[in-house]
Amino acid sequence: MSDVTFGVKVSPETKERVSAMIESSGLKGKEWFETLLSLYEMQQLKEGTKDFAKDLSELEIHTNRIVQLVGNMVTRATHEKEAVLQQMETVKTSRDEIITGYQQELSEVKKQIEVFSLQAQDADRAKEEAEKHVQQLEEAAQNNRDLIT
């Protein structure tokens, strides 16, 4: 069944009060109006049937308590979820900082490896030159010995 519009002319102050009530309840206009009707009907039952007024009042108290408990449960779950999300964000940020630190460290180590590699190549060249020079000196010494003999 489709919904129909129900309108009432009220003063601007009344309209503001109703709008504020609907907004503070967290319900949509239709849901708020249906809740208001249910409360009115319950009040009419209590007034119309004095025998059950106490029982209906007690039922209303328990129902309100159930609503409060569920509301508190939802609020607590929301807060716990936010806390977990905040912890996850903190861990994520920490992880990202650690990764960035390791990436920088890796970059520095790679640069050092390149420097050491170049130094090793230079040392190899210097060693080869020194070996050639030693060989030339040994040949010169051998020639000198041959000349002396």
Side-chain angles (χ1 to χ4, degrees), residues 1-43 45-46 55-149:
M1 185 159 116
S2 65
D3 292 336
V4 294
T5 302
F6 176 76
V8 183
K9 288 192 175 201
V10 293
S11 68
E13 295 83 22
T14 304
K15 182 178 187 282
E16 286 179 27
R17 285 178 45 209
V18 169
S19 295
M21 286 180 190
I22 291 171
E23 186 177 325
S24 69
S25 73
L27 300 172
K28 293 187 169 43
K30 175 185 171 187
E31 296 165 343
W32 183 84
F33 193 71
E34 289 171 351
T35 303
L36 181 65
L37 286 175
S38 295
L39 290 173
Y40 179 76
E41 289 170 350
M42 184 62 70
Q43 188 64 34
L45 276 175
K46 283 195 281 186
D55 293 329
L56 290 172
S57 293
E58 193 170 328
L59 176 64
E60 189 175 29
I61 290 170
H62 291 298
T63 304
N64 287 337
R65 183 64 183 139
I66 290 170
V67 169
Q68 288 175 348
L69 289 172
V70 170
N72 289 339
M73 181 180 68
V74 169
T75 302
R76 185 172 31 98
T78 301
H79 290 307
E80 288 175 0
K81 179 181 175 184
E82 289 173 0
V84 167
L85 289 174
Q86 189 175 15
Q87 285 177 338
M88 285 177 49
E89 193 63 35
T90 302
V91 168
K92 197 174 170 184
T93 302
S94 174
R95 181 204 63 193
D96 290 344
E97 289 173 359
I98 290 170
I99 288 172
T100 302
Y102 282 145
Q103 286 174 338
Q104 290 174 348
E105 199 174 310
L106 178 63
S107 170
E108 291 173 11
V109 168
K110 284 183 178 181
K111 288 177 185 174
Q112 288 178 349
I113 288 173
E114 285 181 31
V115 169
F116 292 149
S117 177
L118 291 174
Q119 287 177 351
Q121 290 174 358
D122 290 343
D124 285 342
R125 281 189 222 114
K127 179 184 170 193
E128 288 173 9
E129 288 177 21
E131 286 176 352
K132 287 179 186 177
H133 190 64
V134 166
Q135 187 178 359
Q136 288 174 354
L137 289 175
E138 285 178 357
E139 288 175 5
Q142 185 61 39
N143 286 339
N144 287 338
R145 280 188 226 120
D146 289 341
L147 288 174
I148 293 174
T149 55

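Both backbone and side-chain heavy atoms feed into the values below; hydrogens, waters and symmetry mates do not.
- Between the side chains of Glu139 and Asn143, no donor N or O sits under 3.5 Å from an acceptor N or O.
- Side chain of Thr90 to main chain of Gln86: a donor-acceptor pair is present (N/O by atom type, distance under 3.5 Å, no hydrogens or angles).
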- Task: Test side-chain hydrogen bond (donor to acceptor under 3.5 Å, both in side chains) on Asn64 and Glu60 and set out the steps.
- Result: CA-CA 6 Å; Asn64 287 337; Glu60 189 175 29; 4.9 Å; no
- Take Leu137 and His133, measure what side chain to side chain contact (heavy atoms under 4.5 Å, CB included) needs, and give me the verdict at the end. CA-CA 6 Å; Leu137 289 175; His133 190 64; 3.7 Å; yes
Less than 3.5 Å apart, which donor and acceptor atoms pair up between the side chains of residues 67-82 and the rest of the protein, not counting sequence neighbours?
{"residue": "Gln68", "atom": "OE1", "partner": "Arg65", "partner atom": "NH1", "Å": "3.4"}
{"residue": "Asn72", "atom": "ND2", "partner": "Gln68", "partner atom": "O", "Å": "3.4"}
{"residue": "Thr75", "atom": "OG1", "partner": "Gly71", "partner atom": "O", "Å": "2.8"}
{"residue": "Thr78", "atom": "OG1", "partner": "Val74", "partner atom": "O", "Å": "2.8"}

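- To the nearest 0.5 angstrom, Leu59 atom CG is 8.5 Å from Ile66 atom CD1.
- With rounding to the nearest 0.5 angstrom, the CG atom of Leu36 is 9.0 Å from the CE atom of Met21.
- For the atom pair CZ of Arg145 and CD of Glu138, the computed distance is 8.5 Å after rounding to the nearest 0.5 Å.
- For residues 89-109, there are no ring-ring contact (aromatic ring centres under 6.0 Å, His included) pairs, not counting sequence neighbours.
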- Task: Could you go through the side chain to side chain contact (heavy atoms under 4.5 Å, CB included) check for Thr35 and Leu27 one step at a time?
- Result: CA-CA 9 Å; Thr35 303; Leu27 300 172; 3.8 Å; yes
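- Arg17 CZ to Ile22 CD1: the interatomic distance, rounded to the nearest 0.5 Å, is 12.5 Å.
- Using a 4.0 Å cut-off between charged nitrogen and carboxylate oxygen, Arg125 and Asp122 count as a salt-bridge pair.
- Using a 4.5 Å cut-off on side-chain heavy atoms (C-beta onward), Leu85 and Glu89 make no contact.
- Taking CD from Gln135 and CD from Glu128, the interatomic distance works out to 12.5 Å, rounded to the nearest 0.5 Å.
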- Message: Let's go through Gln43 and Leu39 carefully: what are the C-alpha distance in whole Å and the side-chain angles of both, what is the deciding distance for side chain to side chain contact (heavy atoms under 4.5 Å, CB included) to 0.1 Å, and is it a yes or a no?
- Response: CA-CA 6 Å; Gln43 188 64 34; Leu39 290 173; over 6 Å; no
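- Rounding to the nearest 0.5 angstrom, the gap separating the CD atom in Glu58 from the OG1 atom in Thr63 is 10.5 Å.
- Atom CD of Glu23 is surrounded by 12 or fewer heavy atoms from other residues, nucleotides or ligands within 6.0 Å.
- Residues in residues 14-37 take part in these ring-ring contact (aromatic ring centres under 6.0 Å, His included) pairs, two or more places apart or across chains: Phe6-Phe33.
- Of the possible polar contacts, none joining the Ser107 side chain to the Gln103 backbone as a donor-acceptor pair under 3.5 Å is found.
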